[in-house]
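Here is how names work: the chains are called A, B, and so on, in the same order as the sequence lines, proteins then strands, and each is numbered from 1. Everything numeric here is computed off the predicted structure, so don't read it as measured data.
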There are 2 protein chains.
Amino acid sequence: MSTAEETDGENTPWSEVTPEAARRLLVAAVEAFAERGYHATTTRDIAGRAGMSPAALYIHYKTKEELLHRISRIGHDRALRLLETAADSGGTPSDRLADAVRSFVRWHAERHTTARVVQYELEALGDGHRAEIVALRRKSDAAVRRIISEGVRAGEFDVPDVPGTTLAVLSLCIDVARWFNAQGSRTPEEVGTLYADLVLRMVGAQK
Amino acid sequence: MSTAEETDGENTPWSEVTPEAARRLLVAAVEAFAERGYHATTTRDIAGRAGMSPAALYIHYKTKEELLHRISRIGHDRALRLLETAADSGGTPSDRLADAVRSFVRWHAERHTTARVVQYELEALGDGHRAEIVALRRKSDAAVRRIISEGVRAGEFDVPDVPGTTLAVLSLCIDVARWFNAQGSRTPEEVGTLYADLVLRMVGAQK
DNA sequence: GAGCGCTCTAAGCGCTTGCTCAGGTTCGGG
DNA sequence: CCCGAACCTGAGCAAGCGCTTAGAGCGCTC
């Protein structure tokens, strides 16, 4: 009897944000930042979307930048976990790479509103906050590189330039957040499958 | 005796922008928009970088948005021409696709400041201007799709989903503008070559 | 039922924004 | 030598910005 929105845990984003008013503000901020960008979004707009007065925002968050940081932090945690789960799972390097790409891409498509903020508003973060996020991003890179390296060592992949190919794979996936449109003809599932196939070709995986 | 900056024609960007003060303002705007984003850039900042007063900007441009539009228009024209030149050149589909990717990527790396504005500030354009730019982008998509389709028809490529793969190829190249760093270890040339190879693998090109 | 802590609002402060305008400087042509 | 056009500046306006403050309403404990 409960919708997907009501179940807790992994499938409900922002369930870790409490109290409820703070979560409403955060969800409103995600929408506004994704639509117009961080700098073009006003605190009045965020508060308005959450059905509150502008001052209410400052009870739950010290600054507008702190809101962005919380969004970015939670999003990066989630994305990193998707990649590390795939990297640590059993199976051949091909299986794990396909898994990583499929789930990473699906997240960027399904949650493209969030992903857009997470991937394209890094420069609006303050220096300390940005450094923290960049560290998470390096771990994402390491997870993918590990899969590709192991595929090469196992003779399963043919990759002349491992760091370069790792960068290209992540880049390809991240850019989904820019172009994906919920009204478009492709489902997140379909894009994930297509991309997993393309990436296996990029690394020269044996069939 | 003349540097690359002084030679005219293709290799000098913005040579079509006159008078010189208007060009200085536009170059300053490109730098500022790329660093901070359109909305976070002030007209005072642009004028200051060009060594002028804020009011001087409005002699050459009606609004700040018109500056963005001129940058976007010129950049899109240039990028589209790179792709169409490659698509129309002689040679096998593999040659033409590699050529398109190599030159498109090299432009995004060499001119990553410009490319960042061109690719990531579309939403800051006014409605009319955005529609004009979107039309140019569709032509870029068509040029790449044409090469891939012809490769498939010639039996040279193995591509189950032509529109999806076209989208992925362009997406991969465009994202270079986001991550490319002039201080990094790769030259634009190297990235172009790497990416051309990766894309040929994506389309299953025969060796 | 008085006191307290938490949440929220109305009002507004100090500042910056995109943009304007009156006036000054420069310079080629008559 | 003067004129008009082109270009640029200093000063500033109205609007909107992020954020603060004073105080109201609420539900809780004792």
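Annotation: side chain of A/M52 is in contact with side chain of A/R24 (closest heavy-atom distance under 4.5 Å). At a threshold of 4.5 Å between non-hydrogen side-chain atoms, the residues A/T43 and A/Y58 count as touching.
Taking atom OH of B/Y61 as the reference point, atom C1' of C/dG18 lies 17 Å away to the nearest angstrom. The interatomic distance linking A/D45 (CG) with D/dA15 (P) rounds to 20 Å, in whole Å. Between B/H39 atom NE2 and D/dG18 atom P the separation is 13 Å, expressed in whole Å. Between the CZ atom of B/R24 and the C1' atom of D/dC8 there is a distance of 11 Å, given to the nearest Å.
Ring centroids of A/H129 and A/H69 are separated by less than 6.0 Å, placing the two rings close together.
B/R137 has no carboxylate O lying under 4.0 Å from a charged side-chain N of B/D141, or vice versa, which leaves the two without a salt bridge. Looking at B/D99 and B/R96, no side-chain N of the basic residue comes within less than 4.0 Å of a carboxylate O on the acidic one, giving no salt bridge. Taking 4.0 Å as the cut-off between side-chain N and carboxylate O, B/K139 and B/E84 do not count as a salt-bridged pair.
Of the residues in residues 49-60 of chain A, those with a non-hydrogen atom less than 4.0 angstrom from any atom of DNA chain D are A/A55, A/Y58. Taking a 4.0 Å limit (strictly below) on heavy-atom distances, residues 66-73 of chain A does not reach DNA chain C anywhere.
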Under the side-chain contact (heavy atoms from CB on, under 4.5 Å) rule, what do B/V176 and A/S171 come out as? Steps first, then yes or no, please. CA-CA 8 Å; B/V176 169; A/S171 169; 5.9 Å; no
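Closest contact between the side chain of B/R44 and the listed nucleotides C/dT17, D/dC19, D/dC7 involves C/dT17. Counting only heavy atoms from C-beta on, A/T42 has its side chain closest to D/dG18 among D/dG18, D/dC7, D/dC8.
Pairing each heavy atom of B/V162 with each of B/S149, the nearest pair is CG1-OG, 3.8 Å.
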